[in-house]
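Please read all numbers here as calculations on a predicted model, not as lab measurements. Chain A is the first sequence line, chain B the second, and so forth, proteins listed ahead of strands; every chain is numbered from 1.
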Number of protein chains: 2
Amino acid sequence: MAGTDRLRQITDAVRSAGRAGVAELAALTGASEMTIRRDLEVLAEQGILERYRGGARSLLLRGEEPPFALRTQEGLDAKRRIAAEVAGLIADGESVVLDSGTTCLEVARVLEHRRLTVVPLSLHAVNALAGAAQLTLLVPGGRPRQGELALTGPLTQASLAALRFDTAVIGCCGLTAADGLTAYDLDDAAVKRAAIASSRRVIAVAEAAKLTRTALAFVTAASALDAVVTDETATDEETDRLAAAGVTVRKV
Amino acid sequence: MAGTDRLRQITDAVRSAGRAGVAELAALTGASEMTIRRDLEVLAEQGILERYRGGARSLLLRGEEPPFALRTQEGLDAKRRIAAEVAGLIADGESVVLDSGTTCLEVARVLEHRRLTVVPLSLHAVNALAGAAQLTLLVPGGRPRQGELALTGPLTQASLAALRFDTAVIGCCGLTAADGLTAYDLDDAAVKRAAIASSRRVIAVAEAAKLTRTALAFVTAASALDAVVTDETATDEETDRLAAAGVTVRKV
DNA sequence: CGTAGCGAACAAATATTACGTTCGAAAGAT
DNA sequence: ATCTTTCGAACGTAATATTTGTTCGCTACG
């Protein structure tokens, strides 16, 4: 799909200016106005922007998390490498709780043909694993959040409380030695905590960018993590601080 | 896809004869042997048949339930009509538990844009409803059964026990006044019972063919049902008996 | 060790999707 | 109320993906 690139352009333009006109976007992308309108329709459906006559305004507040569909594409290579590394840390036969988020989705894809018990906390991962014959898939209950399809709420908490895992693979929005592992969404954070509480070992996955960020909801201190897998662009400064907190850090 | 028709032909031929050769199937369908081999590969992956050198043998035991992918297509019209009728019986704002099975999947599709709280017992229905903005989707926990993707097990039971519904829409494998509502799978039957136990009103959906069948696992007596929606090809004989048991019967 | 069947690789045909253009209708401006 | 602009449905075309057939070296089985 050549349109993906254009959708990105439109999203960026609308987000940075707050709003943009159809003609303007057509000139920017080189596509016809009709195509732009169709794109805007798609993006509006994803909740990324809001249409008005003649253009669209951004619904993405600065500082807010960009939508899932966008994040899946970003740094895909790094995510794949991280996922492969995580897969290497998990032994056959283990039971694993797999957090929501795009990085964890890549982990799901890598685990598809392994002999494991996996409990994914996002429907995206559930779908990725639904066809796997070897793997024992267990779905926790919960309310899927729009777009993200992350399961949260009392049903999720109850499901996790009823289970015990060898390993938790946890994604995050921010992770620093000082502020610990943080998330944007409070409900998500509660689920992550429940997953960690039911697990013997915790592996956090975080692209380099996240090691310099702190999000709203505190999940757990860095010292509670057993391992962090990040990508090679992470600075030693950050990773050394995590290592000092007693975490095994892997850059890939 | 023109191939769907051919897959059906192959499935039928292999099932009725027990096994069939590649050349034979190529002659039957008018396709090349290579195409037949590819088809057999697909069907083998779905667990419908088993390949051997020169052909394939059926894995579908007589009397056993055919796989999900096949059943979705069968009597689709009747299922759609039944689904529309069920949708009419449900008022906005209700909370609904929606059983697994192909007929209930059609019900899910019809409910997509309604303002309801829906708890589907199959991941197929979950996926059909995941994009719906109006609708409050709640996923029960559980272990998805291969192909069917029906959620079963203690997690499902626990999720259902924690909820109360206005309406349960229940599918079945067999439904007669004498034997009640029955299912092929014991775990499924347990989930159906739990769903019924948490619901104020129970609507059963059943194509006409099911009104003459009885499957292994007993779920509930016909008298426990509030309504049955079936298609027009159902005989009065059957529907009258159900009506006599105190069930409202709708033929569409 | 020969032969029938297999499946990878390539090529052709076909279906699907994306895109642009036109045009009648609707929204907003004057 | 009228005019202008934008919208989106409908259609045709181009690009792309999927399906199907053919060839050919390889493998399993007799």
Salt bridge [X]-[Y], side-chain N to carboxylate O under 4.0 Å:
{"X": "B/Arg145", "Y": "B/Asp188", "answer": "yes"}
{"X": "B/Asp231", "Y": "B/Arg81", "answer": "no"}
{"X": "A/Arg109", "Y": "A/Glu106", "answer": "yes"}
{"X": "B/Glu41", "Y": "B/Arg38", "answer": "no"}
{"X": "B/Glu33", "Y": "B/Arg37", "answer": "yes"}
{"X": "A/Glu148", "Y": "A/Arg71", "answer": "yes"}

Side-chain heavy atoms of A/Pro120 within contact of A/Leu137, under 4.5 Å
yes
Compare side-chain N and O positions of [X] against OP1 and OP2 of [N] and report whether any pair is under 4.0 Å apart.
{"X": "A/Ser32", "N": "C/dC19", "value": "no"}
{"X": "B/Arg6", "N": "D/dT20", "value": "yes"}
{"X": "A/Arg37", "N": "D/dA9", "value": "no"}

Nucleotides 10-14 of chain C: which of its N/O atoms have a protein N/O under 3.5 Å away?
none

Describe the nucleic acid contact of A/Gly55 in one word from base, sugar-phosphate, nothing, applying a heavy-atom distance below 4.0 Å.
sugar-phosphate
[X] [atom1] to [N] [atom2], straight-line distance once rounded to whole Å:
{"X": "B/Arg51", "N": "C/dG5", "atom1": "CZ", "atom2": "P", "value": "12 Å"}
{"X": "A/Asp39", "N": "C/dT17", "atom1": "CG", "atom2": "P", "value": "16 Å"}
{"X": "B/Leu25", "N": "C/dC6", "atom1": "CG", "atom2": "C1'", "value": "16 Å"}
{"X": "B/Ile36", "N": "C/dA4", "atom1": "CD1", "atom2": "P", "value": "20 Å"}
{"X": "B/Leu7", "N": "D/dT19", "atom1": "CG", "atom2": "P", "value": "10 Å"}
{"X": "B/Met34", "N": "D/dC24", "atom1": "CE", "atom2": "P", "value": "16 Å"}
{"X": "B/Glu33", "N": "C/dA4", "atom1": "CD", "atom2": "P", "value": "12 Å"}
{"X": "B/Glu41", "N": "C/dC6", "atom1": "CD", "atom2": "P", "value": "11 Å"}

Let me have a per-nucleotide readout for nucleotides 25-30 of chain C, 5' to 3', with B, S or -, counting only protein heavy atoms under 4.0 Å.
-BBS--
CD (B/Gln134) with more than 12 external heavy atoms under 6.0 Å:
yes
With a 3.5 Å distance limit and no angle check, can you tell me whether A/Asp99 reaches the backbone of A/Val169 through a side-chain donor-acceptor pair?
no
